Amino acid sequence: MAQLPLGIRFITSFSRDQWYRAFIFSLTFLLYASFHLSRKPISIVKGELHKHCAASHEVELNTYKEYAAQIQPVKKPSNVSQCGWEPFDKNNYKQLLGALDYSFLCAYAIGMYLSGIIGERLPIRYYLTVGMLASGFFTAMFGLGYFYNIHNLWFYIMAQIANGLVQTTGWPSVVTCIGNWFGKGRRGLIMGIWNSHTSVGNILGSLIAAYWVSTCWGLSFVMPGVIIAVMGIVCFLFLIEHPKDVSCSWTPSSVKMQHLLIDCENCSVTLNSSSVVTGEGRHGTSAISFLGALRIPGVIEFSLCLLFAKLVSYTFLFWLPLYITNVEHLDAKRAGDLSTLFDVGGIFGGILAGLISDRLEKRASTCGMMLLLAAPTLYMFSAISKMGLEATVVMLLISGALVNGPYALITTAVSADLGTHKSLKGNARALSTVTAIIDGTGSVGAAVGPLLAGLISPSGWNNVFYMLMVADACALLFLLRLIQKELRCNADHTL
């Protein structure tokens, strides 16, 4: 009998269950990457909505205009401004751009608390598909303002609010799905790799938006909108919510929490059976109540930590390209391309955080260590980034790793761990609600950060970095109790 080809041997070396898990891993990765891909254009386009008008050129420009007017009258198109796109061409442009960020993120934060509860009671595939199609529409809607020459601020704010609400369908859905398929094992590392979809989506969104930003910024929104809508159709056609839906092997996700939730004899914190208030959900499982989810040990601490960690991450997400434009004096396209290095660092940071937390069996301590290093790194970034392009590249990679590492770990492995806490007795339906509470609280910080950046940046970018350093310190502060328990539990085990 002839030997099987190498490729066929590779395929047959994996079981049916392993292929399904690899497929769901890849599919949910691409689905949520498209969400972040559609969020990134606004940060890239900011440099085009308001072009830097040097004060030193204003006198020359006025002189030229007077001379040109004497030669022949010039009719200025309504959508052309020396300083960008009306109404963002005024001196208060940072506040207006900050209002766009705040509109999206505030709607996202409010919607997230509801989304987890709703998503827990609906089929994930349908819920996620509708959310992605709606998100594609509202993302493209912002770009249509360019083609239809719309200069009304409220048009853009309403597009951002609507998009923020529908995008909340994404995170609880994909985390619940991936939690169903990967209930045990090296969760920190697996989800650290999986969570790189955030950075991959940001990078792709930056590159796509930057390609058109200087020539036709409307396409910087329309194309990502089309992409997420197409991925919504893919979701409807291929997403499998649970292993048992395709008769794959499945073990209930009552994961051993190890040292994360201080699960040792002298340090254990457990729930009473009455603390989880449930209502009947799909597949005969029960849906946890909001208060019941809050009673799970660690949910409140990690939620408040994420509030400040996400504040820092999203301030970079929405303001980094504009900062690079101002400091390095680059155009919007080059600044957008350069800003992707922050997300490249974020990929490595998320994987490193997951790997370390698996090895040490300490989620809180891993987050705390990275937060402790992040604060001085941000100070160095503000100082070194003004020394040249090479220094900026290095600091973008380091800052991206330290800022996004804790954020990635909390929103993935920690959320999955807490959502499958032993007190829930294998009820994986709680995962959606727990994930929504943690990410919803974090999204409050995500809404506040860019808004504060818009208000503070006119007084100098250094003040923005001081604000980010304080936020990192606050994030670490909320983890101190859990870190102390982890260390005490470890000491008890070594005795």
Side-chain angles (χ1 to χ4, degrees), residues 23-42 44-45 100 103-148 150 155-178 180 197-198 200-202 204-206 208-209 212 217-242 245 282 432 435-436 439-440 443:
F23 173 73
I24 294 300
F25 182 95
S26 302
L27 179 59
T28 52
F29 182 98
L30 293 174
L31 291 179
Y32 204 72
S34 68
F35 273 96
H36 267 264
L37 181 149
S38 67
R39 295 177 195 174
K40 190 63 179 179
I42 184 65
I44 304 299
V45 174
L100 291 182
S103 300
F104 174 90
L105 294 168
C106 188
Y108 186 87
I110 294 171
M112 183 61 74
Y113 289 109
L114 299 174
S115 183
I117 297 173
I118 296 171
E120 188 175 303
R121 291 158 173 81
L122 294 175
I124 289 177
R125 182 166 63 94
Y126 297 150
Y127 188 55
L128 189 55
T129 297
V130 171
M132 296 182 77
L133 291 175
S135 182
F137 173 79
F138 290 117
T139 300
M141 176 179 164
F142 194 104
L144 293 178
Y146 174 87
F147 297 104
Y148 288 97
I150 298 174
F155 170 83
Y156 298 103
I157 287 180
M158 293 308 298
Q160 289 288 84
I161 291 175
N163 201 14
L165 288 173
V166 298
Q167 288 231 344
T168 60
T169 60
W171 190 242
S173 299
V174 295
V175 172
T176 300
C177 187
I178 201 74
N180 288 340
H197 54 50
T198 299
V200 170
N202 289 340
L204 293 176
S206 298
I208 292 171
W212 281 289
W217 65 259
L219 288 176
S220 296
F221 289 91
V222 172
M223 294 309 297
V226 170
I227 291 172
I228 190 173
V230 170
M231 291 305 298
I233 297 174
V234 172
C235 171
F236 179 78
L237 294 175
F238 296 104
L239 185 66
I240 306 168
E241 177 179 344
H242 203 281
D245 293 338
R282 287 191 313 119
S432 180
T435 299
D439 199 50
S443 296

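Keep in mind that this is a model prediction, so the values were computed, not measured.
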Quick one: [atom1] on [X] to [atom2] on [Y], what's the gap to the nearest 0.5 Å?
X	Y	atom1	atom2	answer
T169	I118	OG1	CD1	10.5 Å
M141	I150	CE	CD1	7.5 Å
C235	F238	SG	CZ	11.0 Å
T129	L237	OG1	CG	8.0 Å
L128	T176	CG	OG1	10.5 Å
R39	T198	CZ	OG1	8.0 Å

Donor-acceptor under 3.5 Å (S443 side chain, A109 main chain):
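Absent.
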Query raised in the report: Step by step, would you call F147 with L219 a side-chain contact (heavy atoms from CB on, under 4.5 Å)?
Result: CA-CA 9 Å; F147 297 104; L219 288 176; 3.8 Å; yes
If you compare all heavy atoms of Q160 against all heavy atoms of S103, which two are closest, and at what distance to 0.1 Å?
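That would be CB-CB, 4.1 Å.
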message = Applying ring pair (Phe, Tyr, Trp, His ring centres under 6.0 Å), can you list everything that pairs with Y32, at least two apart in sequence or on another chain?
response =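 Only F35, H36, W171, H197 meet the ring pair (Phe, Tyr, Trp, His ring centres under 6.0 Å) criterion with Y32.
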Practice item. Please tell me if the side chains of L239 and C177 come closer than 4.5 Å, counting only heavy atoms from C-beta onward. Key: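 Touching, per the 4.5 Å side-chain cut-off.
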| field | Pairwise side-chain contact, N163 with F104, heavy-atom cut-off 4.5 Å (strictly under) | value |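 A side-chain contact exists here, since the closest heavy-atom pair is under 4.5 Å.
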In terms of relative ring orientation, are F221 and W217 parallel, tilted or perpendicular, with 30° and 60° separating the classes?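 F221 vs W217 ring planes: perpendicular.
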- Item | Stepwise side-chain contact (heavy atoms from CB on, under 4.5 Å) test for L37 and I228 | CA-CA 8 Å; L37 181 149; I228 190 173; over 6 Å; no
| query | Would you say F23 has more than 12 foreign heavy atoms packed within less than 6.0 Å of its CZ? | reply |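 Correct, the count exceeds 12.
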Checklist entry - More than 12 non-hydrogen atoms from neighbouring residues, nucleotides or ligands closer than 6.0 Å to OH on Y126, yes or no? => result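 No, not enclosed.
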*Short side-chain donor-acceptor distance under 3.5 Å, S38 and Q167*: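 There is such a pair (donor and acceptor under 3.5 Å, judged by atom type) between the side chains of Q167 and S38.
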